[in-house]
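Below you'll find the structure, written out as structure tokens, and then a few comments.
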Protein chains: 2
Amino acid sequence: MFKALADPTRRAILDELTERNGQTLFEICGRLSARHGLGSSRQAISQHLDVLQAAGLVETRREGRYKFHHINTAPLEPIVARWLSKAGTDDGDGAGSGGRDGT
Amino acid sequence: MFKALADPTRRAILDELTERNGQTLFEICGRLSARHGLGSSRQAISQHLDVLQAAGLVETRREGRYKFHHINTAPLEPIVARWLSKAGTDDGDGAGSGGRDGT
DNA sequence: ACGTTATGCAAGTAGCTACTTGCCTGTCAA
DNA sequence: TTGACAGGCAAGTAGCTACTTGCATAACGT
């Protein structure tokens with residue numbers, strides 16, 4: 001899921017779907033090159049959408065020869081909370097376990 | 001920054017620092033192999049820490065021959081809110097702009 | 001039926017990324 | 001000072017990832 005967010009093009013796609021949910025592949029293609037200045041081909045976008053769908057961030061709805069893509073922000077919420085929840089246990093020692101390397 | 005989160009080892013490091021902030025490189029090494037079952041070498045972890053530091057997720061404090069690593073969750077908050085804030089503008093059309101490919 | 005439109009699948013390629021290996025610098029203890 | 005400890009730098013390698021190219025399939029309009 002994090003790997004899906006690692007790519008700038010995929011983040012731009014999410015930006016696009018946030019602005020206008022339920023777009024087709026061709027519309028995403030056009031808007032990406034027009035509004036984000038990305039010159040990716042149709043297949044590239046299609047593969048990106050596959051990755052986003054596999055990550056659960058995008059859901060698709062088939063309708064005739066069109067395929068609409070909808071953003072799903074549900075998986076985004078717990079991922080960061082995992083590190084935000086704690087992260088107040090400052091220590092300062094940390095030097096008592098030397099000698100392990102694994103090589 | 002997203003690329004820093006894309007790697008499982010780096011996420012494990014963040015987990016470790018969340019549990020015990022201010023660890024040294026060697027302690028992180030030992031705890032990763034002990035608690036997370038990761039057999040990464042010292043240099044590998046060092047490079048991961050460099051990436052996390054470049055992403056602003058980890059800050060370091062030098063003290064003698066020790067170097068303590070502290071997690072910084074500040075950059076994590078706005079990244080997801082970017083897509084969570086809107087994402088209610090469902091549309092449904094989206095087929096009116098065919099013909100653009102860019103190739 | 002026929003051409004067009006919208007999308008899908010698969011193989012191949014180039015660039016990136018994580019990891020290793022080897023050596024070096026600085027710090028602490030005796 | 002000497003040896004051990006903690007960490008750093010740099011080059012090389014293997015696997016992954018994004019992208020391209022080419023063809024195939026299904027729905028729609030006429």
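Labels below follow one simple rule: chain letters A, B, ... track the order of the sequence lines, proteins then strands, and each chain is numbered from 1.
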| note | Closest to the side chain of Thr9(B), out of dC19(D), dT7(C), dC19(C), is dC19(C)
| Would you say the side chain of Arg42(B) and the base of dG8(D) hold a donor-acceptor pair, judged only by whether the two atoms sit under 3.5 Å apart? | yes
| request: Would you kindly give the CD-to-C1' distance between Gln43(A) and dA18(D), to the nearest whole Å? | output: 13 Å
| dT5(C) base to Arg65(A) side chain: any donor-acceptor pair below 3.5 Å? | yes
| task | Return the value, rounded to whole Å, for the distance between atom CG of Asp7(B) and atom P of dA18(C). | result | 5 Å
| Distance-only donor-acceptor test (3.5 Å): side chain Gln47(B), base dT20(C) | yes
| task | Measure the distance from NE2 on His48(A) to C1' on dG8(C) and round it to the nearest whole Å. | result | 17 Å
| note | Per nearest nucleotide of DNA chain D, the residue lying toward the 5' end, Gly64(A) or Ala44(A), is Ala44(A)
| request: Would you kindly give the CG-to-P distance between Leu25(B) and dC5(D), to the nearest whole Å? | output: 16 Å
| Of the nucleotides dG8(C), dT17(D), dC19(C), which has the atom closest to the Lys3(A) side chain? | dT17(D)
| task | In whole angstrom, give the distance that lies between atom CG of Asp50(A) and atom C1' of dA10(C). | result | 13 Å
| Interatomic distance where NZ belongs to Lys67(B) and C1' belongs to dC9(D) [whole Å] | 12 Å
| message | OP1 or OP2 of dG8(D) versus the side-chain N and O atoms of Ser46(B): is any pair under 4.0 Å? | response | yes
